[in-house]
Amino acid sequence: MKFLPLVWRNLWRRKLRTLLTILSIAVAFLLYGYLAAIRAGMETGVTVAGQDRLIVRHKVSIIQLLPVSYLERIRQVPGVKEVIHSTWFGGVYQEPKNFFPQIPVNPEEYLRMYPEFRLPEEQKKAWLATRTGAIVGKKTALKYGFKIGDRIPIQPTIWRRSGATPVWEFDLVGIYEGADKAADESQLFFRYDYFDEARSEGRGQVGWYVVRLTDPGLSEEVAKKIDADFSNSPWETKAESEKAFVQSFAKQVGDIGAIVRAILTAVFFTILLIAGNTMAQAVRERTGEIGVLKALGFSNALAMLLVLMESMMVAVAGGGVGLGLAWTLIRLWDPTGGALPVFYFPVNDLLIGVALTLLLGLATGFFPALIALRLRVAEALRRL
Amino acid sequence: MLETLVNVNRMVKSFRRGAEEIHVLEQLDLQVGRGEFLALMGPSGSGKSTLLNLIGGLDKPTSGTVAVAGEAVEQLNERQLAAWRARHIGFVFQFYNLMPTLSAQKNVELPLLLTQLSARQRREHAAAALEIVGLTHRTSHYPSQMSGGEQQRVGIARAIVTDPTLLLCDEPTGDLDRKSGDEILDLLQALNAQQGKTIVMVTHDPHASARAGRVVYLNKGQLLLEKPE
């Protein structure tokens with residue numbers, strides 16, 4: 001601690017250079033925060049995916065449907081506690097840019113399967129009592145100004161209604177909230193019985209099944225059994241953990257994790273060069289002074305530590321400002337305009353950011369510190 | 001007869017420059033008594049500063065021994081040398097070598113950071129050292145705000161603040177005008193006479209060496225008792 005003032009003074013020897021270095025690190029960490037939030041948004045569901053839930057879909061692809069009759073057969077498989085079905089509706093609210101998922105479900109079973117979606121009891125009762133009823137996540141409700149009692153028209157892109165009017169209309173009876181930040185609050189759920197009766201084609205077919213297991217350890221075994229039961233049928237299945245399913249769904253856009261990692265690697269490598277060069281320059285300029293300190297009795301290790309402390313201070317200041325700004329701005333401003341189901345800076349990524357900050361400090365200070373460590377006093381004094 | 005504080009025995013120091021080996025010091029013997037003020041004179045390249053660095057443990061001899069207060073300096077490793085310097089040696093440099101970002105007070109406190117003294121004790125010690133060199137009114141000033149003579153006084157305060165066994169001064173007046181140089185020499189003389197500090201001063205200024213109790217001459221790596229022609 002007693003060396004901190006010395007390090008601090010050295011840090012501000014060239015104010016502009018230090019400030020610019022801190023700023024460049026801060027910008028990198030701000031970008032890191034936003035990319036982490038985007039990744040969290042793209043991969044939403046992966047983190048909250050139930051360990052005890054399986055998804056069963058058509059073996060060929062998610063857009064191929066499965067018969068609703070599979071529900072009872074899946075329920076009979078040993079290790080299955082309960083099973084529900086969902087279907088992708090894919091409609092448009094007013095205009096195509098207003099995207100949010102719409103999914104027909106059986107209300108009670110669905111809410112039981114996904115306790116992370118919290119719906120007040122009276123709204124749940126209203127949903128059960130209203131055939132055309134729908135519930136929507138808080139995020140979408142806020143974005144489009146939906147209120148309970150509103151009638152929401154959705155233009156179909158896949159499922160046409162039988163009869164004269166193509167537009168589906170839903171009565172908003174509830175607004176659900178996620179149990180935590182990672183829960184998707186962008187979806188609209190409406191009743192499957194209404195959907196199945198009113199659609200012009202595909203009756204008796206569903207998109208996928210969600211299975212809750214009696215024991216998460218049975219995941220692989222139950223998945224194999226389900227797939228085996230439906231093999232050689234016209235609708236062969238692929239059962240997998242919910243996490244794997246959500247990941248493969250997200251990867252339809254691209255491997256978001258890999259893209260984010262690639263961008264961050266490039267950014268941090270650049271920052272490493274910039275900050276590392278700044279530190280190396282700062283140490284080169286002070287070769288004589290480091291020699292004097294050693295002449296006064298500062299050991300090689302202490303001289304190295306002082307340089308490392310300096311690089312750590314720069315990295316921590318830059319990283320702290322960047323991560324702090326990211327944390328604050330992400331709460332206040334979503335640059336995607338709500339295109340992602342969730343947009344937040346996950347705590348895990350924040351902690352990784354803190355670790356990266358420290359790592360950056362060590363990495364940028366390593367070579368300059370090595371110079372300080374190896375500097376021979378007599379040689380350094382001759383240069384003065 | 002003074003007790004021997006510094007004992008340099010058959011010291012050889014060579015440097016290699018490419019294929020050529022340069023002998024800076026050759027079989028050199030030197031004894032400095034405790035409480036002595038010794039001036040080391042000689043032309044540029046005669047090995048004065050190299051000898052000073054070897055006595056102060058900043059460099060290692062090619063062969064031979066250096067003992068300060070009975071401690072075989074050449075046998076200490078880098079870590080031990082650093083600790084030994086902090087405890088026993090005070091350096092005064094030609095160009096003062098103060099930290100430009102620190103005030104006079106903080107510059108003087110620097111060697112005390114290596115001790116177990118509290119912040120308050122460090123402040124008190126530094127203030128006492130600055131008082132000895134007559135700079136109590138300049139404690140909060142930065143090197144750039146002081147004259148060369150004042151900066152050198154701060155350098156001397158920094159050198160004596162730990163009460164070292166030996167003061168090694170490398171051309172302490174080399175960068176100063178005559179008046180400031182005289183003030184520094186007065187100060188060194190006073191430290192020697194009143195506080196019993198052992199001082200080894202490298203200089204090529206006869207005016208400065210005249211202040212010392214004894215003068216030895218170095219020429220081509222050899223010690224001479226009289227000034228070479």
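The chains referred to below are lettered A, B, ... by the order of the sequence lines, with proteins before strands, and numbering in each begins at 1. Side chains included, hydrogens not; waters and symmetry mates left out as well; all remaining heavy atoms used.
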Turns out that what part of R122(B) lies under 4.5 Å from chain A's heavy atoms comes down to side chain
Looking only at A83(B), A119(B), P100(B), P164(B), the option with the highest number of non-hydrogen pairs under 4.5 Å against chain A is P100(B)
Okay, L102(B) and chain A: the region with an atom under 4.5 Å from a heavy atom over there is side chain
Check: Is it true that atom OH of Y142(B) has more than 12 heavy atoms of other residues, nucleotides or ligands lying nearer than 6.0 Å?
Finding: yes
Can you confirm whether more than 12 heavy atoms, excluding those of R16(B), are under 6.0 Å from its CZ atom?
yes
One should read off an interatomic distance between E78(B) CD and L373(A) CG, to the nearest 0.5 angstrom, of 9.5 Å
- Query: Should we count NZ of K220(B) as having more than 12 external heavy atoms under 6.0 Å?
  - Reply: no
So, the part of T115(B) with a heavy atom under 4.5 Å from chain A: the answer is backbone
From the list P5(A), G297(A), A301(A), G291(A), the residue making the most non-hydrogen contacts under 4.5 Å with chain B is G297(A)
To the nearest 0.5 Å, atom CG of L381(A) lies from atom CG of D170(B) at 8.5 Å
* Asked: Can you find a heavy atom in the side chain of V377(A) that is under 4.5 Å from one in the side chain of R85(B)?
  -> yes
Requested in this report: Inspect the surroundings of CD in E131(B) and state if more than 12 heavy atoms from other residues, nucleotides or ligands are less than 6.0 Å away.
Outcome: no
Here the pair of heavy atoms bringing N53(B) nearest to A378(A) is ND2-CB, 3.9 Å
Can you tell me if H88(B) has over 12 outside heavy atoms packed within less than 6.0 Å of its NE2? yes
- [ ] Might you work through the side chain to side chain contact (heavy atoms under 4.5 Å, CB included) test for L6(A) and K106(B), ending with a clear yes or no?
- [x] CA-CA 9 Å; L6(A) 176 64; K106(B) 291 291 176 194; over 6 Å; no
Comparing Q94(B), R158(B), R79(B), E109(B) against chain A, the one with the most heavy-atom pairs below 4.5 Å turns out to be R158(B)
Value for CG (L296(A)) from CZ (F91(B)), rounded to nearest 0.5 Å, stands at 8.5 Å
Quiz item: Does the side chain of L110(B) reach to within under 4.5 Å of the side chain of V292(A), using non-hydrogen atoms?
Solution: no
Practice task
Determine whether R376(A) and L58(B) make a side-chain contact, defined as any pair of heavy atoms from C-beta on separated by less than 4.5 Å.
Solution key: no
Between S299(A) and A82(B), the two heavy atoms sitting closest are CA-CB, 3.7 Å
- Message: One pair to check against side chain to side chain contact (heavy atoms under 4.5 Å, CB included): M99(B) and N10(A). What are the steps and the verdict?
- Response: CA-CA 9 Å; M99(B) 300 292 143; N10(A) 277 334; 5.6 Å; no
Heavy-atom nearest pair, T101(B) first then R9(A), reads O-CD, 3.4 Å
